[in-house]
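Reminder, nothing fancy here: chain letters follow the sequence lines and each chain counts from 1.
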Number of protein chains: 2
Amino acid sequence: MSWTLTEEHLEDLARGAAVLGTGGGGDPYVGRLLARQAIREHGPVTVLDPGELAGDALVIPTAQMGAPTVVHEKLPSGEEPALALRTLERHLGRRAEATMPIECGGINSTIPLAVAARLGLPLVDADGMGRAFPELQMETFGVYGVSGSPMAIGGERGETTVIDTGTDNRRMEWLARGITIRLGGVAHIAEYPMSGADVQRTAVPRTLSLALTVGRAIREAREAGADPVAALATALGDTRYSHLRVLFRGKVSDVERRTEAGFARGRAEAVSFDGEHKLEILFQNENLVAMVDGEVRCLVPDLVCVLEAETAEPITTETLRYGQRVTVVGISTPSLMRTPEALATFGPAAFGLPHRFVPVEVAG
Amino acid sequence: MSWTLTEEHLEDLARGAAVLGTGGGGDPYVGRLLARQAIREHGPVTVLDPGELAGDALVIPTAQMGAPTVVHEKLPSGEEPALALRTLERHLGRRAEATMPIECGGINSTIPLAVAARLGLPLVDADGMGRAFPELQMETFGVYGVSGSPMAIGGERGETTVIDTGTDNRRMEWLARGITIRLGGVAHIAEYPMSGADVQRTAVPRTLSLALTVGRAIREAREAGADPVAALATALGDTRYSHLRVLFRGKVSDVERRTEAGFARGRAEAVSFDGEHKLEILFQNENLVAMVDGEVRCLVPDLVCVLEAETAEPITTETLRYGQRVTVVGISTPSLMRTPEALATFGPAAFGLPHRFVPVEVAG
């Protein structure tokens, strides 16, 4: 069931991951370049299905953390996340047998890929968010009992930091964010070191291959002159993300965005093409909620995805601009992400939103 | 040459250390309580002369870092610096054979004493500043080639952080300050792990016993109805801090203080008792420069000490208040702290002051 990920996969993978990234998780163009360079230098990467992991194998997920507004202006070299993984290995006194993404996103699906290529490790086809979230405690790993600590942070000058907050993943996020801000707003991390059995129990499975499927479906529809949004809906139909609803079609009419406490926070508005309806989206790195004419239509942890109207290319929160013509879709998330424990960690209340979670397939 | 430090020494030690702390290094009352508790629970501490250390012994200095304005409201439990030392030991894979202060000060001369009592380690009679300074790169250890990294930070909830910035001690300070801010403004650290040979080569020697001598001289003068400032000058006469000048006598007329970027920064003014002269002091945790009628009379790294006029009790920057009657003295520092390398690290320019360093014994 393992397969080989090559340079040819990267464009579809990064695009699909950016759809699942729901506005965050990094710019797919940057992510693609980063992975391409690593694969050209070090060769293709073996992708493992979670079921193929030995129960006692050590898996160390890797990622970039920071405000997308900063990431966008500060390109990673690709060495820092490998440094973070090696630092955590030294701290644990044990070598990793694989790496894995912590979230889906244009950069965060490809960072661990670059790490895998550089270090000759396999990459696990799973992640800890099933989308992108802005904070490190918002991972299914932690929801189902894996500690984020110890975690390691690598900086661009070769600095390393190891943080251990025991079982308190929120405290880990708080300290790691402090270091990230000091490193200029972006850092690279290795966290939630866990066993193969824990991956199988707590990760959202097969999200890398899902990103590839999604990205490919959009591209093939474009090439065939078909509707890429319809193709996206079809591609998702048989997966754990089976419901897609078109929430809105229109033009971006306003974007407010600020980099604050290490996050990109803000809101966007769009007006329908007939001028009759209004969309409002709130975001913290990622899109959190979409309201149409004041009514909630989709909210965390379900996916609010802003797509370019003609091509269905995903638009990240830091590239949202006045005047963009967009289709906004809501996508349902796997049941693993909608349990009471999961909603307590990354449901609406975790972001200070006043709304109760309602699945996108029944909302509005 | 080793000696035993008991509860009876603590009052003199903390007072003398606060004189050498030049406004910073923590409140002597808090420091004394902390050390007293540790000695009552765990017994007295063996103090080693630096010359007694084996060349290859591992010494790990311990300290508190943070803004004195916050420290004053957030009392340490005494466990965190021991946690920091143990964390650094685990990281290094080696046990410490002694601990040592990094600076002189009411708290930072007693924190390592509490660590020594708790962990049953000897305490080295030396430190890395020969006074107190606000930043971690400002240590003679670093000036003469010892790396601050790796360093460990312990928080009050048992969180630990290990930072490694290689030979860049300024970067280490920057990241550690970020963690300290996130921990609420105060943290406990273990840093500059070094050999006995490095202690002998880079530390300011015998500053603990100096603090004890200074504190005792002030107390005995008070008890004898003699002038405690004159007694202080006499006590210093035979030491590496041999010049004491009375810079000013008067009443505090203004204090501006803000907690900013993890430091207490500000300025204080005093007016002479005859109303004819004005003193101005600038501080960043510690007093940096004293100007009388606009003329520089003493500046870093020499010591600017604000003493209560009647008793010569040292007044820290966070306890400076309008109306206090004070005697302000300047004290010369050892030659180790006045070399070009030392001045580059903690001379006036390192604090953004426009003045060239002039030894207090020849200034003004």
Does [X] reach the side chain of [Y], with side-chain heavy atoms less than 4.5 Å apart?
X	Y	result
L121(B)	I60(B)	no
P101(B)	L123(B)	yes
P61(A)	M194(A)	yes
I102(A)	M65(A)	no
P193(A)	P150(A)	yes

Checklist line | Nearest-0.5 Å distance, CD1 of residue I107(B) to CG of residue L34(B) | finding: 7.5 Å
Which N or O donor-acceptor pairs, by atom type, sit under 3.5 Å across chain A and chain B?
| from | atom 1 | to | atom 2 | distance (Å) |
| --- | --- | --- | --- | --- |
| E159(A) | OE2 | R171(B) | NE | 2.5 |
| E159(A) | OE2 | R171(B) | NH2 | 2.8 |
| T160(A) | N | D164(B) | O | 2.9 |
| T160(A) | O | D164(B) | N | 2.8 |
| V162(A) | N | V162(B) | O | 2.7 |
| V162(A) | O | V162(B) | N | 2.7 |
| D164(A) | N | T160(B) | O | 2.8 |
| D164(A) | O | T160(B) | N | 2.9 |
| R171(A) | NE | E159(B) | OE2 | 2.5 |
| R171(A) | NH2 | E159(B) | OE2 | 2.8 |
| W174(A) | O | R182(B) | NH1 | 3.0 |
| W174(A) | NE1 | R182(B) | O | 2.6 |
| R182(A) | O | W174(B) | NE1 | 2.6 |
| R182(A) | NH1 | W174(B) | O | 3.0 |

Checklist line | Segment of I181(A) engaging chain B (4.5 angstrom heavy-atom cut-off) | finding: side chain
Check: Taking all non-hydrogen atoms of both residues, which atom of G21(A) and which atom of A132(A) are closest, and how far apart?
Finding: O-CB, 3.5 Å
Next item on the list: Pick whichever of G178(B), A176(B), G158(B) has the most heavy-atom pairs under 4.5 Å with chain A.
Entry: G178(B)
